[in-house]
Undergrad: 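Quick one: this structure, given as structure tokens, is what I'll be asking you about.
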Amino acid sequence: MTKFAAFLCGLIFGFGLVVAQMSNPSKVLNFLDIAGHWDPSLAFVMGGAVIVTFLGYRLVGRAPVSLTGRPFEAPRTLPIDARLVSGAALFGIGWGLVGLCPGPAIVALGVDGWEAVLFIAAMAIGMVLYDRVLRPILPSDSPDPGGIAAVSRPR
């Protein structure tokens, strides 16, 4: 049941990315090009995502467990530090350069062909380099960076 639910959620998410054209690099680049050919339509997509996320977290806070019977899990709240800011900046720079981020790039595999393959290959190489080269030498700011914690529920 859990794998089917994950597959179904991924399918819905991917479908939403295609419908919203988040997997279209030129659409994303036009959204980010405020001084040029600005296309503000993706702002509605992001606003809708914020609303759905807000409502989703409100529902999670009231439910004892998920529909699959497993506890809800959410990333831990970590302090805003240099590591988080530099990671967010790198993500934004990469997104602004090519118009793709990881989720839409995977969706674009079936739509955009070689550009998405090159993006995912570069992303995978970057992830391996971080894991093998940078992670061992960088100081850890928290005992469990990127860890998962159960969502607290009001009683």
Side-chain angles (χ1 to χ4, degrees), residues 1-34 36-61 63 66-68 70-135 138 142 144-151:
M1 177 69 175
T2 302
K3 289 181 180 178
F4 177 73
F7 173 77
L8 187 62
C9 289
L11 195 63
I12 292 169
F13 181 65
F15 181 73
L17 291 173
V18 170
V19 169
Q21 296 192 38
M22 291 291 292
S23 59
N24 179 354
S26 63
K27 181 81 170 176
V28 172
L29 291 174
N30 283 338
F31 172 71
L32 298 173
D33 187 11
I34 296 172
H37 303 324
W38 189 46
D39 177 4
S41 61
L42 288 184
F44 294 105
V45 173
M46 293 181 186
V50 168
I51 291 170
V52 168
T53 301
F54 175 80
L55 294 175
Y57 269 91
R58 291 288 176 206
L59 290 174
V60 164
S66 70
L67 293 176
T68 62
R70 299 180 60 163
F72 288 107
E73 297 176 344
R76 293 177 193 256
T77 301
L78 299 176
I80 297 174
D81 56 9
R83 195 173 171 168
L84 177 64
V85 172
S86 62
L90 283 173
F91 179 89
I93 290 169
W95 197 41
L97 286 174
V98 297
L100 285 172
C101 61
I106 292 171
V107 171
L109 279 175
V111 179
D112 216 10
W114 284 107
E115 290 181 16
V117 170
L118 289 174
F119 178 87
I120 290 175
M123 182 176 68
I125 290 169
M127 292 167 68
V128 169
L129 285 175
Y130 170 78
D131 190 57
R132 303 284 163 85
V133 177
L134 289 179
R135 178 178 259 181
L138 289 175
S142 66
D144 184 19
I148 303 293
V151 174

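Quantities reported herein were computed from a predicted structural model and do not represent experimental measurements.
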Undergrad: So how far is it from Leu100 CG to Met123 CE, rounded to the nearest 0.5 Å?
TA: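 So the CG of Leu100 and the CE of Met123 are separated by 9.5 Å.
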Undergrad: Keeping to residues at least two apart or across chains, list the salt bridge (Lys or Arg N to Asp or Glu O under 4.0 Å) pairs with something in residues 95-105.
TA: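 For residues 95-105, and leaving out neighbouring residues, there are no salt bridge (Lys or Arg N to Asp or Glu O under 4.0 Å) pairs at all.
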Undergrad: With a 6.0 Å cut-off (strictly less than), is the heavy-atom count around CZ of Phe15, excluding the residue itself, greater than 12?
TA: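 Atom CZ in Phe15 is not packed in, count stays at 12 or less.
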Undergrad: Do you know the tightest heavy-atom contact between Ala116 and Ala105?
TA: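 Of all heavy-atom pairs spanning Ala116 and Ala105, the closest is CB-O, 3.7 Å.
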Undergrad: Would you call Leu84 and Asp81 a side-chain contact if the rule is heavy atoms closer than 4.5 Å?
TA: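 The answer is yes; the side chains approach within 4.5 Å.
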Undergrad: Would you name the heavy atoms of Phe91 and Pro102 that are closest together and state the gap between them?
TA: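 Residues Phe91 and Pro102, closest heavy atoms: CE1-CD, 3.7 Å.
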Undergrad: Just how far is it from atom CD1 of Ile106 to atom OG of Ser23, taken to the nearest 0.5 Å?
TA: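 Spacing of CD1 (Ile106) from OG (Ser23) equals 12.0 Å.
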Undergrad: With a 6.0 Å cut-off (strictly less than), is the heavy-atom count around CG of Leu134, excluding the residue itself, greater than 12?
TA: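 Count over threshold, so yes.
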Undergrad: Could you report the tightest heavy-atom contact between Ser66 and Phe72, atom names first, then the distance?
TA: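 Reported closest heavy-atom pair: CA-CZ, 3.4 Å.
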Undergrad: Which heavy atom in Leu17 sits nearest to a heavy atom in Pro104, and how many Å separate them?
TA: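 Here Leu17 and Pro104 meet closest at CD1-N, 3.8 Å.
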Undergrad: Name all pairs fulfilling the salt bridge (Lys or Arg N to Asp or Glu O under 4.0 Å) condition that reach into residues 14-27, sequence neighbours left out, sorted by first residue then second.
TA: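 Qualifying pairs: Lys27-Asp39.
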Undergrad: So for atom CG, which belongs to Leu55, do other residues, nucleotides or ligands contribute more than 12 heavy atoms lying within a distance under 6.0 Å?
TA: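 Counting neighbours around CG of Leu55, more than 12 heavy atoms of other residues, nucleotides or ligands fall under 6.0 Å, so yes.
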Undergrad: Measuring from atom CD of Gln21 to atom CZ of Phe31, what distance do you get when rounded to the nearest 0.5 angstrom?
TA: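 The CZ atom of Phe31 is 13.5 Å from CD of Gln21, to the nearest 0.5 Å.
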Undergrad: Does Met127 CE have over 12 foreign heavy atoms under 6.0 Å away?
TA: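 Count not over threshold, so no.
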Undergrad: Taking the side chain as every heavy atom from C-beta outward, state whether Trp95 and Leu32 have any atom pair closer than 4.5 Å.
TA: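 Contact flag for Trp95/Leu32 side chains = yes.
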Undergrad: Measuring from Asp33:CG to Ser26:OG, what's the distance to the nearest 0.5 Å?
TA: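 Between atom CG of Asp33 and atom OG of Ser26 there are 12.0 Å.
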Undergrad: At what distance, to the nearest 0.5 angstrom, does CZ of Phe13 lie from CG of Leu8?
TA: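 So the gap between those two atoms works out to 14.0 Å.
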Undergrad: Below 4.5 Å, heavy atoms only, C-beta onward: do Leu42 and Val28 meet side chain to side chain?
TA: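 Yes - at least one pair of side-chain heavy atoms lies under 4.5 Å apart.
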